[in-house]
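Notes follow once the structure below has been shown.
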Amino acid sequence: MDLSILNDVQRKAVEVVDGPILVVAGAGSGKTRVLTHRIANLIENHDIFPSGIMAITFTNKAANEMKTRIGSLIGPVTSQMWVGTFHSICVRILRRDADRIGYTSDFVIYDTQDQKALLKACYKELNIDDKQTPLKTSQFKISAAKNDMLTPELYDMQNASDYREKGFIKLYYLYQAKLKQNQAMDFDDLMLKTIELFKQNQDVLSYYQNKFKYIHVDEYQDTNRAQYTLIQYLAAKNRNLFVVGDADQSIYKWRGADIRNIREFEEDFPGAQIFKLEQNYRSKKNILDLANSVIVNNPNRRDKSLWTDQDSGEKIGYFRGYDEKDEAKFVIERIRTFIREKEYKLSDFAILYRTNAQSRSFEDQLMLNAMAYKVIGGLKFYERKEIKDLLAYMKLVVNPNDDVSFIRVINEPKRSIGGKTIEKIQAFQSKTELSLLESIPHLSQIEGIGAKAQKGLVEFYELIMGLKAKLDTAFVSQIYDELLEKLNIISLYELERSIEADARIDNIYEFKTVIEEFEKRSESPNLRDFLAETSLRSDQDNIEEQEDGVLLMTLHASKGLEFPVVFLVGLEDNLFPSFRAMDDPEELEEERRLCYVGITRAEERLFVTHARNRNQYGRFEPRHPSPFLREMDQSILENLSDQNEMPSFDPPKPKKENYFSKNALKSKQSFFGKASGTQGNTTPVASASQSATYFAGAKVNHKVFGMGLVISVGADGEMLTIAFDSCGIKKIHSGLAPIRRVD
DNA sequence: GGCACCAATTCCTTT
DNA sequence: AATTGGTGCC
């Protein structure tokens, strides 16, 4: 292994073996390299067994990459190492000893949707009105409490004197009780229950404390209180804790991440060694300068600044469009130009936005141009109805206590079992210790269930039990196949003869592929582990390397990734920063960090864009530029907007020579070229709803004069000089004359 | 119980 | 704009 490729600070950080270590790693400063070399160094030069090493990463994808990279440094010794996310590592620990805290190792993991369904049941039992207290509010409150490690009991103690909390406390108790009844844990429980396990069972804790001699945590700035505590427990004995993070990239406060965890590392671990990585290897200087110009506006920030010895690179492209469609057209046109003129492939480009909903206009344009793309996040594959249904069946096969899954699929496909029937079973259930599924054999004791419903219930029971019998002998894919066959689900969707149904069928087959891949990769492919893995899959885990396509994702999802060309879009007030952040300075700082993260994803080129109007909630509304645009160093921005679209914030008015520089002119031409439709195969129809902007080269139709070509636009952007086919050149007012654009 | 139609709500970010 | 949930009728 060659440590000479590291810079001085990196090497020093890598070579320390024992004790607590904090690596403050700015964006693109090679923290993954430090982590992998550190671990490789432990194993190769200090005879540490891989089985004594734990590394916690932010995504499973990062975990796999880390294993691969360590493997390529010192060979395939990594299989004994524990590398994974907080959630997956907790599952692994819990599977072993769940019985110590009143769970079986067959527990299932409830995602956000399941959580909601369970809360709904709690609401019903407690007569809570979901109009008065939206499910989301309770969901959020429970999660926040758990992130702060407040169990119902602790929360109760802390808030007992507050009568307004009475209702919530009751709900929280019931929710937690129901989770246990269902043998289920939500995402936050995975950490809390692991901590509980450690707290109550000294022997278990000692086992792991002794086992893991060296613990590593990546993205330490985004750990929450529970995760922090978990680490404290695990590292308490050996104190060999190596954490890497960057306070400037903390973007998960809303999920409970506590920036203090990294800021106060020295106090938590006296004698900790601290290394600061400030040389950036990722981005051109202009990109880095832009990032710095934004992040310095955060008042509560420890001063540090990244530097690079790379050249400046191109300026940062700035574009303001008429609306989101205009914005998308610009971005896609740029990508086309890049690919035509340079050696870029589609997957070199990333479009980063604040909210998932923004992907749409870009998808439309990409589709129009027949360009491959991949949207990361949004409606996840595993959240699609047909997949969730099949997952619910499989969860029930593993865990018959899972009432949430039972209710989800008992009438899917239709078995003539509705709310009334379920209520009757629940009434029976409350007198017993049985789950809904387990109640079915006792149907004779339940009054008033119709023959049709009874038949449906029994068939359902037999289906699940039939599959359960095969659990230990059959492959997951065999169970899946049998499930599909027994449910006759494909034929049912085929009968619908709709595009949506066809897509569902595709997804069902796709899911089969996912299962088969799991079986190939896993050492002991069982259904339990498969279900856990699908529940804990992150968006980034779904990025496939081999497929070429433009990447679209939220800024959050882009964390830890890098791309040659980045488009940071939708830089508008109330969108980015989010409207929720406007009145809260702390949240505004977090939005700014998010902006910083976005900028620093770019290696070679960066473009920042926004629109003057945007469709939202079906309404077309004017938008204002984001304050972050104003903060950006204007001298490194290059305005690529239509002349009519000069920015209204202190304009990044390019110096004359810039404006007419070869680059600016070239890009301008391509932009106009596209809009006026002179490029033949670009945007064929597209503009049925023509945008109201006019510019030189635009084709217009006048009610009286007929077709014409805009020659120039007045300084006010409204007086147009138009050459009409019928009557020559005329000056008319775009706001008053009966004209419209024809694309 | 199932289905069709209407109304309300949503678009902040996620394991 | 689009999805989701609710209501009322069959």
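Side chains included, hydrogens not; waters and symmetry mates left out as well; all remaining heavy atoms used. The chains referred to below are lettered A, B, ... by the order of the sequence lines, with proteins before strands, and numbering in each begins at 1. Not measured: the values here are computed from a predicted model.
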(request) Could you check how far OH of A/Y353 sits from P of B/dC11, rounded to whole Å? (result) 15 Å

(request) Only counting residues at least two apart or in another chain, list the ones meeting side chain to side chain donor-acceptor pair (under 3.5 Å) with A/D130. (result) none

(message) Restricting to side chain to side chain contact (heavy atoms under 4.5 Å, CB included), what partner residues turn up for A/F579, sequence neighbours left out?
(response) A/N574

(request) Could you please name the option among B/dC11, B/dT14, B/dG1 that lies closest to any side-chain atom of A/H556? (result) B/dT14

(message) Taking the minimum atom-to-atom distance to the side chain of A/S538, which one of B/dG2, B/dT15, B/dC12 wins?
(response) B/dT15

(request) Would you check, one step at a time, whether the test side chain to side chain contact (heavy atoms under 4.5 Å, CB included) holds for A/M185 with A/Y103? (result) CA-CA 10 Å; A/M185 298 190 198; A/Y103 274 84; 3.9 Å; yes

(message) On the nucleotide B/dT14, are OP1 or OP2 found under 4.0 Å from the side-chain N or O atoms that A/T112 carries?
(response) no

(message) Heavy atoms within less than 4.0 Å of DNA chain B: which residues of residues 374-389 of chain A have one? Give them sorted by number.
(response) A/K380

(message) With a 3.5 Å cut-off and heavy atoms only, can you find an N or O donor on one side and an acceptor on the other between the side chain of A/R255 and the base of B/dT15?
(response) no

(request) Step through it carefully: locate the ring centre of A/Y123, locate the ring centre of A/Y175, and say whether they are under 6.0 Å apart. (result) no

(request) Give a yes or no on whether A/R619 atom CZ has more than 12 heavy-atom contacts from other residues, nucleotides or ligands under 6.0 Å away. (result) no

(message) Is A/W254 stacked against the base of B/dT13, taking the criterion as centroid distance under 5.5 angstrom and interplanar angle under 30°?
(response) yes

(request) Whole angstrom is fine here: how far is it from OH in A/Y617 over to P in C/dA1? (result) 14 Å

(message) For the C1' atoms, the ones on C/dG5 and on B/dC12, what distance do you get once it is rounded to whole angstrom?
(response) 23 Å

(message) Using the side-chain heavy atoms of A/T421, tell me which of these nucleotides is nearest: B/dC12, B/dG1, B/dT14.
(response) B/dG1

(message) Under 4.0 Å, counting only non-hydrogen atoms across every strand here, what does A/G450 touch: a base, just sugar-phosphate, or nothing?
(response) nothing

(request) Give the nucleotide from the list B/dC12, B/dT15, B/dG2 with an atom nearest to the side chain of A/N411. (result) B/dG2

(message) In the structure I gave you, are the side-chain heavy atoms of A/R95 and A/D529 within less than 4.5 Å of one another anywhere?
(response) yes

(message) Heavy-atom nearest nucleotide on DNA chain B for A/D539 versus A/T355: which residue maps closer to 5'?
(response) A/T355

(message) At under 4.0 Å between heavy atoms, how does the protein contact nucleotides 3-8 of chain B? Give one character per nucleotide, 5' to 3', with B, S or -.
(response) S-----

(message) Tell me whether the count of non-hydrogen atoms from other residues, nucleotides or ligands lying under 6.0 Å of CD in A/Q232 goes above 12.
(response) yes

(message) Between C/dT4 and B/dT13, how many Å separate the two P atoms, rounded to a whole number?
(response) 15 Å

(request) Rounded off to whole Å, could you give me the CD-to-P distance for the A/E587 and B/dC12 pair? (result) 12 Å

(message) Using a heavy-atom cut-off of 4.0 Å across all strands, would you classify A/K452 as base, sugar-phosphate, or nothing?
(response) nothing

(message) Counting only side-chain heavy atoms from C-beta out, which of B/dT14, B/dG1, B/dC12 sits nearest to A/N356?
(response) B/dT14

(request) Using a cut-off of strictly less than 4.0 Å, decide whether A/T554 has a side-chain nitrogen or oxygen near OP1 or OP2 of B/dT14. (result) yes

Write out a two-atom table: protein N or O, nucleotide N or O from nucleotides 2-4 of chain C, distance below 3.5 Å.
from, atom 1, to, atom 2, distance (Å)
C/dA2, OP1, A/R360, NH2, 3.4

(message) Using OP1 and OP2 only, check whether a side-chain N or O of A/K136 sits under 4.0 Å from B/dC11.
(response) yes

(request) Using the test ring-ring contact (aromatic ring centres under 6.0 Å, His included), find all partners of A/F518 that sit at least two apart in sequence or belong to another chain. (result) A/F530

